[in-house]
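The next block holds one structure in the form of structure tokens; read it before the comments.
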Amino acid sequence: MTPPTQDPHERRTDSGIEILPVYRPQVLEGWDPDAKLGEPGSYPYTRGVHAEMYRSKLWTMRQYAGFGSAESTNERFKFLLDAGQTGLSCAFDLPTQMGYDSDHPRAEGEVGKVGVAIDSLADMRLLMADLPMDKVTTSMTINATGAILLLLYQLVAEEQGVPGDKIRGTIQNDILKEYIARGTYIYPPRPSMRLIVDTFAYCAANLPNWNTISISGYHIREAGSTAVQEIAFTLANGIAYVEAAIAAGMDVDAFAPRLSFFWNAHNNLFEEVAKYRAARRMWARIMTERFGAKDPRSKMLRFHTQTGGSTLTAQQPENNIVRVTLQSLAAAMGGTQSLHTNGFDEALGLPTTRAAKIALRTQQIVGFESGVADTVDPMAGSYFVESLTDEVEEAANEYLDRIAALGGAVAAIEARFMQDEIESAAYSFAKAVDSGEKVVVGVNRFTDAESEPAEVFPIDITLQQTQIDRTKSVRAARDQSAVDAALSEIAVTARGDGNLLVPMKAALGAMATLGEVADVLRGEFGVYQPGG
């Protein structure tokens, strides 16, 4: 059967928005620039959250790192800082993300594979050894066990003499997108929401400069969503977090200034720029009109961007350097606050040292040589981009209305609405690639019969046993009665309404392991089963 073909004269964005042959002022009939744009650094923040944006300071160059042991990741952190990186970003292995220690049977074969293994305070000490925790900002991509990793980070900072108000960084802590797109959840949605709200309250009292959540569209996009779905589903999750915190008795302006977002950057340069601008405007209006926020910081959608992992190809991997450059330009022109650029070899494995340096140099060239930082919101006033920004916003708001009709993000997740929409979009994209309607250079056009093998990141086969031995040593050396008492206090708190992070910190400080703390909560909250 011959697949349907697109009109050769028709062009559409990846979200299906029609692109006209030319854009003129009349396309924007009824458009009020003062209401929709405003000034940079002012409501509704379409043009950016800071008045001068990169003219006064470039975005934070925050390369993602994390593999193997805490010691090897610490070495990569130092390598990247020496190469000019301006912030740290840490990946954790699957056992750590799922709340299992490295010696758990379910950790077999996964220890240190897609991130660093962190089982206890001993590992976090090694991870942050000789790094100035009062000066460097650290982002941790961790969700179900996000509160545990944050507390371990705080404990190490305290050991270094760094007080809570000097610690700056972000935990992803966005559990709703795990149910939608990624799968590293542990507990059911509603107790998971309690843990997130407890983190908001704990940080407001103890870590006032820490970003308590990075509401993530990145993994929604990686799962196959369109740009419109990415911002719609992510903002819906953001609404759910704000509602949960308010329902728990928190004032919106007490926690909203520390909310942050995490977006993907794909190859369609103009739609990506429009996506970032539309998302900022939508969030400003949601926080003002729906939640009555008064603090301007509560209305600012501050975000980190990572270039699109799912766009990288194993075929002709050097082509990915060009893709990452385009995506970096989109993020910069869209006003990101920090940026990670992927290594060109990441379709094959973890990035090698060479690929990591090229990725960092890519955004340094964009920042210092392209001129993109010389003016604020360089795409403003473009007939095409302004129209596209409006259309992305309109389509995303239609999704928000549908989610609201289902009862909000949690109910929509439970009904599999967002999951089904993403799967449909992913299928449509794959079908377009298979038919040749969507060109992917080196994959379905301009292919090579032969290609040179690329260097692949080496795997340390001794790592798992080394990590198991360290964790067993921690258990053998600690005061077990103190650990048992601290873990029991977590269970008691979980059955009540106290803040869970307080007893969790005490237990981790007594050298309880990540898996032990997670197991207590599994016992109290249960384990989420999709469709169950």
Side-chain angles (χ1 to χ4, degrees), residues 64-70 72-73 76 88-121 123-124 126-128 138-153 169-189 191-193 195-196 199 212-220 222-223 237 262 304 306 309 340 346 349-350 413 459 463-464 467-468 471 500-501 504 508 512-522 525-530:
Y64 199 31
F67 55 88
S69 67
S72 58
T73 299
R76 177 63 69 89
L88 300 178
S89 181
C90 191
F92 298 92
D93 70 1
L94 282 175
T96 302
Q97 294 181 53
M98 298 298 292
Y100 295 117
D101 293 330
S102 295
D103 58 353
H104 192 283
R106 291 190 177 181
E108 178 68 34
E110 290 293 343
V111 175
K113 287 291 179 65
V114 298
V116 62
I118 299 293
D119 293 333
S120 71
L121 183 56
D123 292 322
M124 185 61 79
L126 293 170
L127 182 69
M128 300 307 297
T138 303
S139 173
M140 295 187 281
T141 303
I142 194 73
N143 296 283
T145 55
I148 297 174
L149 271 299
L150 171 60
L151 294 169
L152 290 172
Y153 190 90
T170 306
I171 47 172
Q172 193 164 100
N173 201 29
D174 175 8
I175 200 63
L176 292 181
K177 68 94 175 51
E178 296 297 325
Y179 304 111
I180 296 170
R182 193 160 173 266
T184 61
Y185 44 71
I186 303 175
Y187 322 110
S192 293
M193 291 290 282
L195 195 55
I196 287 168
T199 303
T212 54
I213 193 168
S214 178
I215 307 165
S216 175
Y218 184 85
H219 301 99
I220 290 172
E222 289 292 281
N237 290 345
F262 176 20
H304 171 72
Q306 180 174 341
H340 164 87
E346 289 190 50
L350 290 170
I413 290 166
I459 299 296
L463 168 68
Q464 179 162 328
Q467 190 66 24
I468 288 172
T471 302
L500 281 163
L501 274 71
M504 287 167 62
L508 294 166
T513 66
L514 172 141
E516 289 168 337
V517 172
D519 280 345
V520 171
L521 296 179
R522 280 187 184 92
F525 295 155
V527 176
Y528 178 66
Q529 299 293 336

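FYI, the numbering just counts along the sequence from 1.
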Atom of [X], atom of [Y] and distance for their closest heavy-atom approach:
{"X": "Met128", "Y": "Leu88", "value": "CE-CD1, 4.2 Å"}
{"X": "Gly112", "Y": "Ala117", "value": "N-CB, 4.3 Å"}
{"X": "Ala518", "Y": "Gly99", "value": "CB-O, 3.6 Å"}
{"X": "Val116", "Y": "Cys90", "value": "CG1-SG, 3.6 Å"}
{"X": "Phe525", "Y": "Pro188", "value": "O-CD, 3.5 Å"}

Any side-chain heavy-atom pair from [X] and [Y] closer than 4.5 angstrom?
{"X": "Arg182", "Y": "Asn143", "value": "yes"}
{"X": "Leu176", "Y": "Ile413", "value": "yes"}
{"X": "Ile186", "Y": "Arg522", "value": "yes"}
{"X": "Leu500", "Y": "Leu521", "value": "yes"}
{"X": "Gln172", "Y": "Lys177", "value": "yes"}
{"X": "Thr184", "Y": "Ile142", "value": "no"}
{"X": "Thr212", "Y": "Leu150", "value": "no"}
{"X": "Met140", "Y": "Ile118", "value": "no"}

[X] side, atom [atom1]; [Y] side, atom [atom2] - distance, nearest 0.5 Å:
{"X": "Thr96", "Y": "Glu110", "atom1": "OG1", "atom2": "CD", "result": "11.0 Å"}
{"X": "Ile175", "Y": "Glu178", "atom1": "CD1", "atom2": "CD", "result": "5.5 Å"}
{"X": "Ile148", "Y": "Thr199", "atom1": "CD1", "atom2": "OG1", "result": "10.0 Å"}
{"X": "Leu350", "Y": "Arg76", "atom1": "CG", "atom2": "CZ", "result": "8.0 Å"}
{"X": "His340", "Y": "Ser139", "atom1": "NE2", "atom2": "OG", "result": "11.0 Å"}
{"X": "Tyr185", "Y": "Gln529", "atom1": "OH", "atom2": "CD", "result": "7.5 Å"}

Residue pair [X] / [Y], side-chain donor-acceptor N/O under 3.5 Å:
{"X": "Ser192", "Y": "Tyr179", "answer": "yes"}
{"X": "Asp103", "Y": "Thr471", "answer": "no"}
{"X": "Thr138", "Y": "Tyr153", "answer": "yes"}

| said: Looking at Phe92, is its backbone amide N or carbonyl O close enough to the side chain of Gln97 to form a donor-acceptor pair, meaning the two atoms are under 3.5 Å apart? | reply: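 Side chain of Gln97 to backbone of Phe92: a pair is present.
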| Where the side chain of Ser72 meets the backbone of Phe67, is there a donor-acceptor pair that is under 3.5 Å apart? |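 At least one qualifying donor-acceptor pair exists.
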| Option passing side-chain contact (heavy atoms from CB on, under 4.5 Å) with Leu508 (candidates Leu514, Thr513, Leu149, Leu152) |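 For Leu508, the side-chain contact (heavy atoms from CB on, under 4.5 Å) test succeeds with only one of Leu514, Thr513, Leu149, Leu152, which is Leu152.
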| message | Ile196 and side-chain contact (heavy atoms from CB on, under 4.5 Å): which single residue from Asp174, Ile171, Ile213 fits? | response |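 For Ile196, the side-chain contact (heavy atoms from CB on, under 4.5 Å) check succeeds only for Ile213.
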| request: Run through Asp101, Asp119, Asp93 and flag the one making a side chain to side chain donor-acceptor pair (under 3.5 Å) with Gln467. | output: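 One option only clears the test, and that one is Asp119.
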| field | Those residues that, when tested against Gln464, pass side-chain contact (heavy atoms from CB on, under 4.5 Å) (two or more places apart) | value |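 With neighbours one apart ignored, the set is Glu108, Val111, Ile468.
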| message | Is the ring pair His219/Phe262 parallel, tilted or perpendicular, if the boundaries are 30 and 60 degrees? | response |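 Plane angle over 60°, so perpendicular.
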| CZ/Arg106: more than 12 non-hydrogen atoms of other groups inside 6.0 Å |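 Incorrect, the count does not exceed 12.
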